[in-house]
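Here is the structure we will look at.
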Amino acid sequence: MVEKKAKGLARAKESYQDPSYRVKQLKAKGKKIIGYLCIYPPLEMMTALDLVPYRLFGDIREPITQADSCLPTCVCPFLRSTLDLGLKGKYDFLDGVVMAHACEVGEKLAHIWRTYLTPPYSFYIDTPHTKHEAALEYHRKLLVDFKKSLESYTGKELSADKLEQAIRGWNQQRALVRELYEMKKPDPPLISGVETLQVMKALMTIPPEEGNELLREVISEVKERKDGPKKGTRLLIWGSIIDDVALIEMMEESGANVVMDDTCVGSRPFFPDVEMTTDPLDDLARRYLLDLKCPRTFEVAVFGETKKNYMADLEARFSYVRDYAKEWNVKGVILYGLRYCDIHGYEVPQIKDYFDSVGLPSIYLEHDYSEAALAPLRTRVQAFLEVLR
Amino acid sequence: MANEKKKKVIKRLKSMYPLRGLVDKMYERAVEYSKEGKPTAWCMVNWWGGDSLLRAMDIAAVYPEDYGAVCAAFGAAPKYLERANSEGFPDHMCGYARNGLGYACLMKELGRIPEGAPMGGLPKPTLLLSSGYFCDTRYKWFQALGRYLDAPQWFLEMPHPGVKESFAEGAQEYTIDFLVKELREFVAFLERLVGKKMDWDRLEEIVNDTIEMNRAWYEVNDLRKAKPCPMHSRDFWSSMPASLYVAGDPKETAVSYKNMYDEVKERIDKREAAIPEEKYRLAFAELPPWHSLAFFDELAERGWNFVVESWSYQPPKPIDLSKVSDPLERVARHTYQYFAGFFEGAYKTGEQLGYFGYPYLEYVREYKCDGLIAHPLLTCRTATNHQMYVKDRLMKVLKVPTLVVEGDIVDLKLFNPEEALRQAGPFEETMEHYRDVRRKEGLDW
């Protein structure tokens, strides 16, 4: 396998276009590659044992032809696509998979995946859904079981030192991602939405130290270059997974600057650090249950409050997105939902209520995770941009 | 369907009617409670994880999931669905949920129960009890109800045991411990909400009655392994809400299930089937087409007897909980058993999905089924996402074929009984073929 020499944004683009290239190289050198789904499996625990976590994605350009036999058409098309790629052998390089209860179909997929793809190693984390104290304690116990399982698979001990070292490495990456996102604050932004997504996706397919190197290259390049994005209407995208640049590209071609996101191949998995105390497993349990923001976790203004206050609940659930909108000076919000994504679908009228209450225009776009279905969305995006101008 | 009303081929159990009637009483009770200023709750089905606590606190519970089916059957669903759509809820989401959201929106607008609401309607609730059992809708729907209802929402956590990780050393006990802590918090919350203390003696009694009710119901269904099968799925579906929603007093419901046991046993003794002539024994996957149940009479005429249904609506396999002193722990273990009760069999046979998946294999083997009717429901992910997997596993492991008949839980247009009936003849040939295949492979039915 020929070593690629590109750097910075070009390297990110190459990695985006051929995401498994690097891990296949590493596998040839004896590394174990562990696929994971969604943002809830603690990557630090894998890295600490010298395993390479590799995020599983679908492919909007590849027709789903094999997944129908084990996942029906009326469930998440992203998960169906991901399984389809697995059934077609495109994830054959994986040594194992780790999946968490991110959503219900994701939970079923974990078990379906190991039935049909029989990975040498697999682990399922039944991540709780609330931020109750008992749920946090339970989550930690699940992570202890995950630790034991990884130790048994690798034959190595996962010491607190190793785990802390891994946490520091990932926290460094998170800090670099936040630094990268700072470059989206100027008008025009120094890096486009398409480029950002290419970088973010690349980070999820390479080891963290290489990701950190890539981020430093990109930050340095973006700071110095003179041919960055042109000025456009500043948008934030909130919603279901976006793992292909086509949607963002369509928006940016229509005159938008996608300057901020709250999606799971964007800021969502990177913005919260693991706050380090004296027990790294406590820290991970807290970060992955309490600090990650995703509608799959139940949020309420005051836990156990007997009086309902709808606006206070909305504030508790969505004010961080309003803060993003303010800090990145966005003019409008795209609420993006994958068809059959329940956890985001139910949020739509509520987050819209919230944005209406703070005077931020928003529009809901629904996509079926296919390239062909992007065309009708273009007209709606153009109309929305017209309203914002 | 032509002549729909004339065909009553399935021999219904007399003992089913009092059980079916309990659901009507459940709705009446909630409206009465509301009129009297007593607390009411809208609940998601929680597999007995929270029901006993509500009953012990004298909170009348109704289940908007069931109400979705009721509205579909009464033809009231379209207006509620339309309202939910106009409120901006995507139309691919759960039909029951959209029905409930549309209903709540209308109720808020009117300031009262909408006129013509089936079963007297759902009263304005004091509490929304959501849960982590299975589907995301089970809590996201109720969170979205916050737009229309002033009631606080409680989320009852429920892990998903029944897979290999849940049987790691110590995992069962720490999961039970988690559930008990959650229930204790829930009790404290209920006490604050209604301003009175839990009556622990009353809870003790209700928990025991609920466990006994489910044991009696389990034993009824166990009898259906008999050949010919004395009880059709129609009677299961009419009787299950009494257990699933704890629709009446569980002590009285247990008696009703025992009466049903006697009636079913009597039929077995007389070798009496639930249909005129049992030619094929079938399992049914997930919720039936509530609005087209006469479909089953048409199939019964062809000799199709439906002998077992989805795991999701069955009671747990009975276990002895008499030595567990804390009633909350008994609740936790009872519900845990529901999820994990099939795991041992799944583990031994190398099946990954000890709930939803493997139970069908066990049912089909033990009830000697010739086929499965899979009924994917377009807007219900939970009822649907495992069905293709089950179809595949049944064929690979047991050489039992599946007929897929698509539908929905509230949208009548999505179920086409004529089309399904056209497939019946060819599917009979398929079932005959696989009887031969199974015999050749040494399977005993």
Side-chain angles (χ1 to χ4, degrees), chain A residues 68-76 101 103-105 107-112 114-116 123-126 128-130 132-135 137-138 141-142 145-146 148-149 295-296 298-300 304-308 310 313-314 317 337 339-340 342-343 345-350 352-353 364 366, chain B residues 87-90 92-94 97 130 132 134-137 139-141 143-144 146-147 149-155 157 159-161 163-166 168 170-171 174-175 177-178 181-182 185 188-189 192-193 351-353 356-357 376-379 381-382 384-389 391-393:
Chain A
D68 289 347
S69 63
C70 34
L71 259 186
T73 52
C74 63
V75 304
C76 174
H101 191 157
C103 63
E104 192 213 351
V105 182
E107 170 249 325
K108 293 293 177 303
L109 179 64
H111 311 304
I112 290 173
R114 51 191 181 187
T115 299
Y116 291 101
F123 196 85
Y124 164 68
I125 305 167
D126 195 17
H129 282 82
T130 65
H132 300 176
E133 201 178 315
E137 195 183 307
Y138 177 69
K141 286 177 178 160
L142 293 171
D145 281 351
F146 180 39
K148 286 180 194 165
S149 163
R296 59 80 58 200
F298 177 70
E299 290 269 5
V300 66
E305 175 58 76
T306 56
K307 300 275 180 253
K308 175 77 184 174
Y310 179 58
D313 282 346
L314 294 186
R317 288 161 60 192
R339 189 158 179 82
Y340 306 126
D342 287 336
I343 57 170
Y346 284 102
E347 301 288 83
V348 170
Q350 299 170 82
K352 210 162 187 345
D353 284 347
Y364 173 58
E366 190 174 289
Chain B
E87 288 286 296
F89 290 100
H92 60 77
M93 287 171 7
C94 172
S130 55
F134 308 137
C135 73
D136 303 321
T137 292
Y139 61 105
K140 297 309 293 183
W141 165 10
Q143 200 171 29
R147 296 185 95 208
L149 302 171
D150 288 332
Q153 180 182 5
W154 184 268
F155 185 118
E157 281 273 15
H160 296 72
V163 295
K164 74 179 175 83
E165 288 78 7
S166 53
Y174 74 63
T175 304
D177 183 50
F178 169 44
K181 283 179 179 162
E182 284 285 309
E185 287 266 22
F189 169 76
R192 287 197 304 278
L193 181 70
E351 292 294 324
Q352 296 288 349
L353 201 48
F356 273 121
L377 305 166
L378 186 67
T379 66
R381 249 61 76 198
T382 308
T384 301
N385 59 25
H386 57 285
Q387 289 195 22
M388 297 304 106
Y389 172 83
K391 176 185 174 202
D392 190 49
R393 300 309 293 164

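To find a chain, count down the sequence lines: A is the first, B the second, and so on, and within it residues start at 1. As the structure is a prediction and not an experimental result, all values here were calculated from the model.
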Going from [atom1] on [X] to [atom2] on [Y], what distance comes out if it is rounded to the nearest 0.5 angstrom?
| X | Y | atom1 | atom2 | value |
| --- | --- | --- | --- | --- |
| B:F178 | A:K141 | CZ | NZ | 10.0 Å |
| A:H111 | B:H386 | NE2 | NE2 | 13.0 Å |
| B:M93 | A:D342 | CE | CG | 6.5 Å |
| A:E107 | B:T382 | CD | OG1 | 9.0 Å |
| B:L353 | A:I112 | CG | CD1 | 7.0 Å |
| B:L193 | A:K307 | CG | NZ | 7.5 Å |

Practice task
Ignoring hydrogens and angles, state whether a donor on the side chain of B:Q352 or A:T115 is under 3.5 Å from an acceptor on the partner side chain.
Solution key: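 No - no donor-acceptor pair under 3.5 Å links their side chains.
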Just so I know, are the side chains of [X] and [Y] near enough to count as touching, which here means a heavy-atom distance under 4.5 Å?
| X | Y | result |
| --- | --- | --- |
| B:Y174 | A:L142 | yes |
| B:W154 | A:T306 | no |
| A:Y116 | B:D392 | yes |
| B:Q153 | A:F298 | yes |

Heavy-atom count check: over 12 atoms from other residues, nucleotides or ligands less than 6.0 Å from A:K108 NZ?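 Correct, the count exceeds 12.
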Can you name the nearest heavy-atom pair linking [X] to [Y], along with the distance?
| X | Y | result |
| --- | --- | --- |
| B:A171 | A:D145 | CB-OD2, 4.0 Å |
| A:D68 | B:M388 | O-CG, 3.6 Å |
| A:V75 | B:R381 | CG1-CG, 3.8 Å |
| A:G345 | B:P90 | O-CD, 3.5 Å |
| B:Q143 | A:Q350 | O-OE1, 3.3 Å |
| B:P152 | A:K308 | N-CB, 3.9 Å |

If only atom types and distance count, is the side chain of [X] paired as donor or acceptor with the main-chain N or O of [Y] below 3.5 Å?
| X | Y | answer |
| --- | --- | --- |
| B:R147 | A:D353 | no |
| B:E87 | A:P349 | no |
| A:D126 | B:H160 | yes |
| B:K140 | A:P295 | yes |
| A:Y346 | B:F89 | no |

Between [X] and chain A, with a heavy-atom cut-off of 4.5 Å, which part of the residue counts as in contact: side chain, backbone, both or neither?
| X | value |
| --- | --- |
| B:F155 | both |
| B:T175 | both |
| B:P159 | both |
| B:E185 | side chain |
| B:A151 | backbone |

- Residues that A:C103 engages under side-chain contact (heavy atoms from CB on, under 4.5 Å), provided they are two or more places apart: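 For A:C103 the side-chain contact (heavy atoms from CB on, under 4.5 Å) partners, ignoring immediate neighbours, are A:L79, A:I343, B:D136.
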Less than 4.5 Å to any heavy atom of chain B: does that hold for the side chain of [X], its backbone, both, or neither?
| X | value |
| --- | --- |
| A:V300 | neither |
| A:Y340 | both |
| A:E347 | side chain |
| A:E366 | side chain |
| A:S69 | backbone |
| A:R296 | both |

So, using salt bridge (Lys or Arg N to Asp or Glu O under 4.0 Å) as the criterion, who are the partners of B:E165 when residues are at least two apart?
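For B:E165, the residues satisfying salt bridge (Lys or Arg N to Asp or Glu O under 4.0 Å) (neighbours in sequence not counted) are A:R114.
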Worksheet item: Looking at A:K352, A:E305, A:K148, A:H101, which has the largest count of heavy-atom pairs under 4.5 Å with chain B?
Response: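 Of the options given, most contacts go to A:H101.
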I'd like to know which of A:P128, A:S149, A:A110, A:G337 tops the heavy-atom pair count under 4.5 Å against chain B.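 Result: the option with the highest number of such pairs is A:P128.
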